[in-house]
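Have a look at the structure below before the remarks.
Counting convention: from 1, in listed order, for ligands and their atoms alike.
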Amino acid sequence: MRAKTKMIHGGVTGDDKTGAVSVPIYQVSTYKQDSAGNPGDYEYSRTGNPTRHALENVIAELENGESGFAFGSGMAAITSVMMLFEAGDHVVMTDDVYGGTYRLMTNVLNRFNLSHSYVDTSYPDDVEAAIQENTKALFIETPTNPLLKITDIAKMKEIAKKHNLLLIVDNTFATPYWQQPLNLGADIVLHSATKYIGGHSDVVAGLLAVNSDDLAEEIHFIQNSAGGVLGPQDSWLLMRGIKTLGIRMEAIERNTVKLVEFLQGHEKVSTIYYPGLESHRGHDIAKNQAAGFGGMVSFDAGSGDEAEKVLSRVHYYTLAESLGAVESLISVPAKMTHTSIPAGRRAELGITDGLIRISVGIEDADDLIEDLAQALA
Ligand SMILES: *Cc1c(COP(=O)(O)O)cnc(C)c1O
């Protein structure tokens, strides 16, 4: 099955009992047992729920994995993955990981003596140099937020293999439609399904897929023990979102390409960050490891004041955090998602006050361009 067909026919489809073509929402916590200690397939919904299982099967198929898992948020998925490690272990991570991941490592998991190093993983030599005796994993995000930096997943696998590390990929920005890290050797792929996979700004959820039975068993043990599971209603909403993930990603990328062309010709716009541009440092790797470049684009409007003006004038871009929805979203990372990073460090990374990030939606591209044109004028 090809990706778009998997989105419709993959995993568990419909309901055998009634012929319903949509998987029913099993709004239930517990299940009747035939005799004491003899449960059927399901016994308690934290451990397993048929609606959640249907979703978990779809994400496994989309990522070419053996097993999938659904969590109450992307952060719950990431937290569960970190519970694979123990006190004294160390993880090497992409330096501009999602802010919530940064906070989890720096302000929560540090309490349990799980240490980490941040590295610009787009430079493989730096990754290798950061590995310590107690390093157990590489945790990468590609493309990153908001500068869309690209990390070579296959190269990371080489390093992980050499040093006996788990390779964990946050695939939120690329989606399983464009990029399948398990195919490139990753051990664990995870998503904030709140973004493109849900796609409609109406669910907070996390998804994860693995290829090994041992890892699957451990992750299920942690999922059931820590309990950060996704409920049946939200599982159903994600399955509905997934049915259109392929056509949404294609529409989003078509719009993004047009918007980037417009931005390239605009006198007020200096640097544009989009992996689809040949001038982007990670362009060749992105082209190699992903089937598409995605719908996130950042550009420099010159100054914080200019960025502020653009935000106040746009009509079709909603000023909001988050990304990956059918509606276009706009943000200024320096004032919104990246405020916790000191100004000096932000400048070093290239996250200037004038940097605007857009998550392109599926509106008419001409409306998006006209709106941005009047806002920049
Ligand atoms: C949003 C996001 C997360 C966290 O996911 P939630 O669903 O908000 O908990 C993790 N990684 C990336 C790349 C994200 O964009």
Side-chain angles (χ1 to χ4, degrees), residues 52 55 59 63 69-83 91 93-109 116 118 121-122 137-151 153 168-179 181 186 188-209 223 226-231 234-235 237-238 241-242 245 249 252 273 275 286 290 294-298 320-325 329-331 333 336-341 349 351 357-360:
R52 194 178 90 222
L55 169 66
I59 190 61
E63 288 287 9
F69 299 90
F71 295 89
S73 68
M75 287 320 303
I78 294 169
T79 302
S80 298
V81 165
M82 291 303 170
M83 286 177 188
V91 181
M93 311 186 78
T94 300
D95 60 355
D96 49 356
V97 278
Y98 175 72
T101 308
Y102 178 90
R103 182 174 53 200
L104 175 74
M105 298 307 294
T106 317
N107 296 323
V108 181
L109 294 179
H116 59 275
Y118 292 118
T121 52
S122 64
L138 296 180
F139 183 105
I140 63 167
E141 220 176 281
T142 181
T144 62
N145 174 32
L147 298 177
L148 291 314
K149 282 197 281 190
I150 303 293
T151 293
I153 301 172
I168 305 160
V169 181
D170 183 335
N171 203 28
T172 302
F173 271 43
T175 80
Y177 188 59
W178 293 138
Q179 178 170 282
I188 299 175
V189 58
L190 60 90
H191 293 271
S192 169
T194 312
K195 317 293 167 49
Y196 288 108
I197 292 181
H200 297 73
S201 305
D202 52 12
V203 193
V204 172
L207 292 175
L208 186 161
Q223 184 192 39
V229 293
L230 191 66
D234 287 348
S235 296
L237 276 170
L238 281 194
I242 284 171
L245 178 64
M249 292 318 291
I252 283 171
Y273 300 92
M296 299 300 297
V297 56
S298 298
E321 292 182 8
S322 198
L323 61 112
L329 302 175
I330 195 164
S331 69
M336 296 168 68
T337 43
H338 290 65
T339 43
S340 61
I341 302 174
L349 291 169
I351 304 171
R357 187 193 82 174
I358 290 177
S359 166
V360 181

Min N/O separation Ile78 to ligand 1 under 3.5 Å: no

Looking at ligand 1, does any of its N/O atoms fall within less than 3.5 Å of an N/O of Ser192? yes

Do me a favour and list the nearest non-hydrogen protein atom to [atom] with residue, atom name and distance?
atom                    : answer
atom 11 (N) of ligand 1 : Asp170 OD2, 2.7 Å
atom 7 (O) of ligand 1  : Thr194 OG1, 2.6 Å
atom 9 (O) of ligand 1  : Met75 N, 2.9 Å

Which of the numbered atoms in ligand 1 are under 4.0 angstrom from any heavy atom belonging to [X]?
X      : value
Gly74  : 5 (O), 6 (P), 7 (O), 9 (O)
Ser73  : 7 (O), 9 (O)
Ala205 : 7 (O)

Atom of [X], atom of [Y] and distance for their closest heavy-atom approach:
X      : Y      : answer
Ser359 : Gly324 : OG-N, 2.8 Å
Gly295 : Ile252 : CA-CG2, 3.5 Å
Ala209 : Ile59  : CB-O, 4.3 Å

Find the distance between CD1 (Ile153) and CD (Gln179) and round it off to the nearest 0.5 Å. 4.0 Å

Given His191, Lys195, Glu141, which has its nearest heavy atom closest to atom 2 (C) of ligand 1? Lys195

Identify which of Tyr98, Tyr196, Phe173 has a heavy atom lying nearest to atom 8 (O) of ligand 1. Tyr98

Just checking, Lys149 and Phe173: is the charged tip under 6.0 Å from the six-membered ring centre and within 45° of the axis? no

Among side-chain atoms of Asn171 and Glu141, is any donor-acceptor pair under 3.5 angstrom? no

Looking only at the side chains, is there a donor atom on one of Thr106 and Tyr118 sitting less than 3.5 Å from an acceptor on the other? yes

Look at ligand 1 and say whether Ala193 reaches it with a heavy atom at a distance under 4.0 Å. no

Quickly, which of Ile168, Asp170, Val97, Thr121 forms a side-chain contact (heavy atoms from CB on, under 4.5 Å) with Ile140? Name it, please. Thr121

